[in-house]
Amino acid sequence: MSQRTKIKALLESEQTNIEVTVKGWVRTFRNNQFIALNDGSTNSNIQIVVDFENTDPNLLKRITTGAALSVVGELVASLGKGQKVEVKAKQIEVLGDSDPEKYPLQPKKHSLEFLREIAHLRFRTNTFGAVFRVRNSLSYAVHTFFHERGFVYLHTPIITASDAEGAGETFHVTNFDLAYPPRTENGDVDFKQDFFGRATNLTVSGQLEGELGAMALSDIYTFGPTFRAENSNTTRHLAEFWMIEPEMAFYDLEDNMNLAEEFLKYLIGYVLKNNAEDIEFLSQRLAEEEKQKPQNERSETTLIEKLQFCLDNDFQRLTYTEAIDILKESTPNKKKKFTYLVEGWGTDLQSEHERYLVEKHFKKPVILTDYPKEIKAFYMRQNDDGKTVRAMDILFPGIGEIVGGSQREERLEKLEQRMTEMGIPTEELWWYLDTRRFGSCPHAGFGLGFERMVQFVTGMGNIRDVIPFPRFPKNAEF
RNA sequence: UCCUGAGUAGCUCAGCCGGUUAGAGCAUCUGACUGUUAAUCAGAGGGUCGCUGGUUCGAGCCCAGCCUCAGGAGCCA
């Protein structure tokens with residue numbers, strides 16, 4: 001197979017009047033003369049100019065939208081205005097035909113809903129090409145951020161036996177014949193005979209295992225798939241999603257917040273610098289989408305401006321209690337515009353409240369800390385007031401909660417007492433409690449929903465459009 | 001899971017008060033044109049009106065159930 005130059009390199013080439021080989025897929029073929037060819041290396045296409053008068057008409061007919069081509073030709077300065085360089089074709093080979101009557105992607109705008117139905121082909125559109133190049137870049141940035149800081153990438157298990165984390169409904173893992181599972185004398189399914197000798201499920205979080213790593217390696221992070229069997233039908237939830245969970249020994253909540261804020265800014269800055277063309281495209285796409293909305297719902301700031309704003313400003317930090325006070329005194333609360341009115345201390349914040357704080361009151365990312373212990377997980381460190389825990393949630397405009405974290409309860413007695421109160425079996429988590437029995441120390445960590453971060457950076461409204469093959473209720477196609 | 005809205009050509013949609021042969025734009029195909037940038041111009045083909053049942057002389061339209069999709073809510077990341 002002869003070497004070919006990727007389109008990104010050709011478009012950036014300083015040299016012209018050189019022979020090149022280019023391969024890719026046809027986006028459009030205009031005037032029997034101009035092929036817009038794309039190979040995914042960049043959002044831009046290269047224009048191939050065909051000398052149609054001296055080309056076999058049967059070959060011309062096979063140059064259709066979606067067809068894969070190999071072109072040998074001369075890279076020249078373009079005569080047209082839309083591009084700097086183009087390739088004057090000397091030899092065109094159709095590597096793979098694409099029947100235009102059947103190929104679902106037409107040279108026109110498609111709705112995101114329609115493209116979701118053909119997720120196997122949507123990579124071939126400008127929008128999804130950009131989204132998945134940015135997603136790739138972000139995941140690379142996750143690793144560089146932590147590696148630059150001496151964190152150890154720890155692979156936590158996908159299959160676990162602990163159902164005790166309380167992070168949501170789990171998917172069961174079994175190799176039983178589901179029609180005839182072995183049963184015990186009293187008719188229950190006998191998991192002792194199952195593959196692992198016990199009931200198992202897909203992980204809902206790598207945190208507990210991550211803590212085990214941190215209690216020896218100091219700073220670790222996980223980055224892998226996570227599964228929730230919740231019947232969630234929203235633009236912010238998936239049944240299978242990727243989560244990043246750093247866990248740091250000798251960190252308190254303050255250190256934890258500092259790291260999280262630095263991390264989010266690093267990711268945004270990385271993409272602005274390294275994916276400028278794709279972000280620019282996505283920014284324009286979003287601006288056009290905004291134009292379709294009624295004027296009062298439109299956002300005046302562009303995607304790039306929003307990202308830059310996040311980089312340039314400190315996140316607003318305040319306690320849950322302070323947030324409740326602000327919400328109580330807020331205009332929508334007094335005028336009873338909220339669906340859920342804020343009256344007392346102790347209830348969880350609704351989406352509308354989070355959105356008010358982030359988008360209306362502070363107009364920037366917000367970190368909320370010290371939530372009531374009743375609405376948070378068992379492992380969070382209890383404050384001296386006996387009412388709150390050292391939790392922190394980072395709220396982003398348009399996304400809501402993007403990070404959830406806490407300083408962990410390192411005191412064995414306090415932890416066991418809380419687990420008992422919340423009905424979490426201490427025997428089952430004996431291995432977790434061992435870290436508190438042997439050399440316990442203050443530590444903290446957080447979880448970042450990777451897709452929510454990709455959503456924020458790309459400006460895509462639906463989380464199903466930022467993961468290549470989304471898994472959600474009633475859908476596991478592809 | 002709940003609330004609201006939607007499902008009509010490949011795509012995006014229109015379809016009046018229930019009435020004859022269900023329309024448009026784009027896409028596709030054919031022809032013309034040939035330095036185009038969502039090319040342009042002319043013509044053609046293309047429909048199980050989501051599914052099942054009901055009301056009616058007659059249903060794309062009314063009723064019931066179901067399925068799917070979108071937006072919002074809950075759960076959360």
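In this text, all values refer to a predicted model and were calculated from it rather than measured experimentally. Here is how names work: the chains are called A, B, and so on, in the same order as the sequence lines, proteins then strands, and each is numbered from 1.
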At 4.0 Å (heavy atoms only), tell me whether [X] reaches a base, stays on the sugar-phosphate, or touches nothing.
| X | answer |
| --- | --- |
| A/Pro104 | nothing |
| A/Arg27 | nothing |
| A/Leu238 | base |
| A/Tyr340 | sugar-phosphate |
| A/Phe34 | base |
| A/Thr339 | nothing |
| A/Phe52 | base |
| A/Ile402 | sugar-phosphate |
| A/Gln33 | base |
| A/Arg116 | sugar-phosphate |
| A/Thr234 | base |
| A/Asn233 | base |

Assess whether one donor atom and one acceptor atom, taken from the side chain of [X] and the base of [N], lie less than 3.5 Å apart.
| X | N | value |
| --- | --- | --- |
| A/Glu230 | B/U1 | no |
| A/Gln83 | B/U36 | yes |
| A/Ser232 | B/C75 | yes |
| A/Glu86 | B/G35 | yes |
| A/His110 | B/C11 | no |

Whole-Å P distance, B/C41 and B/G5: 40 Å

Closest-nucleotide mapping onto RNA chain B: is A/Asn475 or A/Glu354 further toward the 5' terminus? I mean the 5' end.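 First, find each residue's nearest nucleotide; the 5'-ward one identifies A/Asn475.
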
Specify the residue among A/Phe114 and A/Lys61 whose closest nucleotide of RNA chain B lies further upstream toward the 5′ end.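 That would be A/Phe114.
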
Nearest whole angstrom, please: distance from the [atom2] of [N] to the [atom1] of [X].
| X | N | atom1 | atom2 | answer |
| --- | --- | --- | --- | --- |
| A/Ile35 | B/G35 | CD1 | C1' | 14 Å |
| A/Lys81 | B/U36 | NZ | P | 9 Å |
| A/Gln47 | B/U34 | CD | C1' | 13 Å |
| A/Leu105 | B/U28 | CG | C1' | 14 Å |
| A/Ile48 | B/G35 | CD1 | C1' | 15 Å |

Under 3.5 Å, side chain of A/Arg228 to main-chain N/O of A/Val204, donor-acceptor pair present? yes

Any side-chain donor paired with an acceptor under 3.5 Å for A/Tyr379 and A/Gln207?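 Yes, A/Gln207 and A/Tyr379 have a side-chain donor paired with an acceptor closer than 3.5 Å.
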
Tell me if the NZ atom of A/Lys364 is crowded by more than 12 foreign heavy atoms within 6.0 Å. yes

